[in-house]
Amino acid sequence: MNINEHEHVIEVTDLRRVYGGGFEAVRGISFSVERGEVFALLGTNGAGKTSTVELLEGLARPAGGRVRVLGHDPCAERDVVRPRTGVMLQEGGFPSELTVAETARMWAGCVSGARPEGQSLSANPRRPPAGRALRRPVRVIARRRSALVAEPRGRFGNAASVRAGRRSAGGGLRTGSEVLELVGLAGKAGVRVKQLSGGERRRLDLALALLGDPEVLFLDEPTTGLDAEGRRDTWELVRGLRDTGTTVLLTTHYLEEAEGLADRLAILHEGRIAAAGTPAEVTAAQPARISFELPEGYFLGDLPPLADMGVSGHEVDGRVVRLRTRQLQRAATGLLVWAEGAGVELRRLDVRSASLEEAFLGIAREASGAAEKTAKEYAA
Amino acid sequence: MSGTVTTPAGRMTALARAELTLLGRSRGTLVAALFVPLVLPFSVWSATKDMDLEKSGLTVGTVVLPAAIGFSLLFAVYGALVGVFTARREELVLKRLRTGELRDTEILAGSALPSLATGLVQSLLLAVGCTVLLDLPAPRAAHLAVLALLLGLVLCACLAAVTSAFTRTTESSQVTTLPVMFVSMLGSGMAVPLEVLPDRVASVCELLPLTPVITLVRGGWTGELSAYEALGPVMTALAWTALGVFAVQRWFRWEPRR
């Protein structure tokens, strides 16, 4: 069967996961990820991100619904799926007394497509380089071109080397030292895992997930515990992998990470998908915001009718007024013209377009019991 | 060789190699695994040499050697592996390994290989040592002894995985291993041969997990166990192994309790 028939590399339908104690961590979610896409599962702690990813990785069976990775059930058909996936768990997973090199060697021995150290390059019959090139969707190339122009010179090997290395015959990422080089851990080869910093362990985990050049990568909070530079290096690495056709599913609670890295994302909340789409789509579904302090002696009723300014909802907190609108320019103009006419200064004026952060916080706010209030505002 | 597709044997070898390195770096496990089984037989020997063994048809050698092999299985295999399985679970290594191509059985078997090899080599050395030092004649039914050793190794690895399922931390494994260790040392014919125990007690002790191994090793050297008589212990050992496999499938934990 030709794998190109499965454009959906990951398909999840009405997925449920229930833990032993009866806690339902995943409550019927559906989404799909296309080949060469970076898909982010965004959510607060306990939203069900890891529970979902573990089902995709085939670590557990769902209580209901269906998971397909590369067209197969990751549990029942693990022999077909596992050699083509790479996994980075949320934490740990390495014996603390082994050195970095020993850990890489051990893992390389367990991964199809990996090569023992020092062996000459040989074409991988399972994944010819030509297949790689073919699988790479054209639309990917145009995307994020600008982001790729500025290559970081961080501790990671140049992210461009991912692309260059993989285009060479037989591809790169075949030996432990190659992947360690890529994440900038080559100099730590002889160091015991227990002596690594938290960030270095994350990079080791990422390196091993890349061994064997997997078609699908599952990264569970890949940048948690990394400093700003390490985080940016990881992003570049993920983009480089995506550009060579690797499908990446990652979880994160960093909004900027999802916004900057993901082609599409889903915000998980209490085991359900609260919002999904491209970062732009998810953001567009959110209202823009204007907040300011009411001038001394003025009340809300002194403003022009809110509905006429295109304001869809408002909150008053002491003297601070917060307005929501889907017509930011109209609302802001209305407000400023009024202020000009009344000859007052709007202190602490803050006008901002919708952002993923707003979407995310909006979802969190609904959780904290404000759901009713928000609904009323929108009805107004 | 292109090394592009892994095999179960290849994966287990890679895992076993890492575990061997780890075994070499774990001083506590090394001492318990390498020296205890070499020291304890001396206490059995000093207790046995004054015992009247004539009427039970035993010699000092046929009492000390099975006991020594029992100690090796208990300390080098069982005790060491409870620690290994528990430590790997605590470090989330088991979970990490399960995300890859290794199957569950391969993970357990691969991790167990270095300890199993230690137990095997140690038992062979003990057999040579007892032969030389205690004037033990060559085994009359060597196949029984070999069978016993293989059954013992598999059974101890199984029991270790089961015990580890009920062990939260590596520290607590020093306590959770005690029941199997004590019961085996006292009741499985290691410290005291079953032949010198009252019949009723002996027939209960025959059902303990390690008793068949000790009985078969002893029978291998004395040659006094007929094929029919050997069948009982073999079946008992197989039954314990089957029970162990079932228990591992049912209760083994791949992630720490959180």
Side-chain angles (χ1 to χ4, degrees), chain A residues 20 53-54 56-60 74 78-79 81-99 102-117 119-127 170 174-175 192-194 205 208-209 211-214 218 220, chain B residues 1-30 83-107 109-111 113-114 169-170 250-251 253-258:
Chain A
V53 176
E54 285 180 359
L56 301 180
E57 292 162 352
L59 279 180
R78 49 168 295 152
D79 287 351
V81 178
R82 295 297 176 93
R84 298 161 63 185
T85 58
V87 171
M88 178 179 178
L89 291 178
Q90 196 176 107
E91 67 171 305
F94 306 112
S96 50
E97 295 292 341
L98 285 185
T99 66
E102 286 162 350
T103 307
R105 184 174 61 201
M106 185 259 279
W107 195 249
C110 300
V111 174
S112 289
R115 224 169 355 99
E117 296 294 333
Q119 236 176 59
S120 60
L121 271 176
S122 56
N124 183 347
R126 201 166 48 82
R127 305 180 63 193
R174 296 275 192 262
T175 68
R192 301 257 173 110
V193 168
K194 67 175 175 188
D205 208 339
L208 300 199
L211 258 178
D213 211 1
F218 296 107
D220 198 353
Chain B
M1 192 195 115
S2 63
T4 49
V5 177
T6 59
T7 60
R11 297 193 287 258
M12 284 194 285
T13 309
L15 188 52
R17 184 178 174 184
E19 278 297 339
L20 187 63
T21 311
L22 288 166
L23 179 63
R25 285 177 193 162
S26 170
R27 204 163 295 157
T29 314
L30 269 189
V84 166
F85 292 144
T86 309
R88 300 301 166 260
R89 174 172 51 231
E90 289 305 303
E91 292 174 323
L92 292 165
V93 176
L94 296 181
K95 184 176 183 183
R96 186 73 175 83
L97 291 172
R98 285 187 96 212
T99 65
E101 294 166 50
L102 286 153
R103 293 179 157 276
D104 291 353
T105 343
E106 293 169 24
I107 294 173
S111 309
L113 271 177
T169 64
T170 26
R250 181 82 178 71
W251 287 295
R253 301 184 66 91
W254 297 92
E255 288 176 50
R257 274 178 261 229
R258 288 271 159 89

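For the numbers below, each heavy atom of this structure counts, side chains included, while hydrogens, waters and symmetry mates do not. A note on names: the letters A, B, ... follow the listed sequences, proteins ahead of strands, and every chain is numbered from 1.
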Peer 1: Under 4.0 Å between a Lys/Arg side-chain N and an Asp/Glu carboxylate O for B:Lys95 and A:Glu54?
Peer 2: yes
Peer 1: Do B:Ser26 and A:Glu97 have a side chain donor and acceptor closer than 3.5 Å?
Peer 2: no
Peer 1: Where is the tightest heavy-atom contact between A:Pro95 and B:Leu22, given as atom of each residue plus distance?
Peer 2: CB-CD1, 3.6 Å
Peer 1: Working to the nearest 0.5 angstrom, can you tell me the gap between A:Arg82 CZ and B:Leu102 CG?
Peer 2: 9.5 Å
Peer 1: Quick one: CG on B:Leu92 to CD on A:Gln90, what's the gap to the nearest 0.5 Å?
Peer 2: 10.0 Å
Peer 1: For the side chain of B:Thr6 and the backbone of A:Val111, is there at least one donor-acceptor N/O pair under 3.5 Å apart?
Peer 2: no
Peer 1: Minimum heavy-atom separation for B:Arg96 and A:Phe94, please, with both atom names.
Peer 2: NE-CZ, 3.7 Å
Peer 1: Answer with side chain, backbone, both or neither: which region of A:Glu102 has an atom nearer than 4.5 Å to a non-hydrogen atom of chain B?
Peer 2: side chain
Peer 1: Under a 4.5 Å heavy-atom cut-off, does chain A meet the side chain of B:Arg17, its backbone, both or neither?
Peer 2: side chain
Peer 1: So for A:Glu91, is it side chain, backbone, both, or neither that comes closer than 4.5 Å to the heavy atoms of chain B?
Peer 2: both
Peer 1: Nearest 0.5 angstrom please: A:Leu208 CG to B:Thr99 OG1, how far?
Peer 2: 9.5 Å
Peer 1: What is the minimum heavy-atom distance between A:Cys110 and B:Arg11, and which atoms define it?
Peer 2: SG-O, 3.8 Å
Peer 1: Under the salt bridge (Lys or Arg N to Asp or Glu O under 4.0 Å) rule, collect the residues that match up with B:Arg253, sequence neighbours excluded.
Peer 2: none
Peer 1: Report the option among B:Gly100, B:Gly10, B:Ala18 that has the most heavy-atom pairs separated by less than 4.5 Å from atoms of chain A.
Peer 2: B:Gly100
Peer 1: Of all residues at least two apart in sequence or in a different chain, which pass the salt bridge (Lys or Arg N to Asp or Glu O under 4.0 Å) check with A:Arg105?
Peer 2: none
Peer 1: Is it the side chain or the backbone of B:Leu94 that comes within 4.5 Å of chain A heavy atoms, both, or neither?
Peer 2: neither
Peer 1: Could you check if a side-chain atom of A:Leu98 sits within less than 4.5 angstrom of a side-chain atom of B:Arg25, using non-hydrogen atoms only?
Peer 2: yes
Peer 1: So which heavy atom on A:Arg78 is nearest to which on B:Glu101, and how close?
Peer 2: NH2-O, 3.1 Å
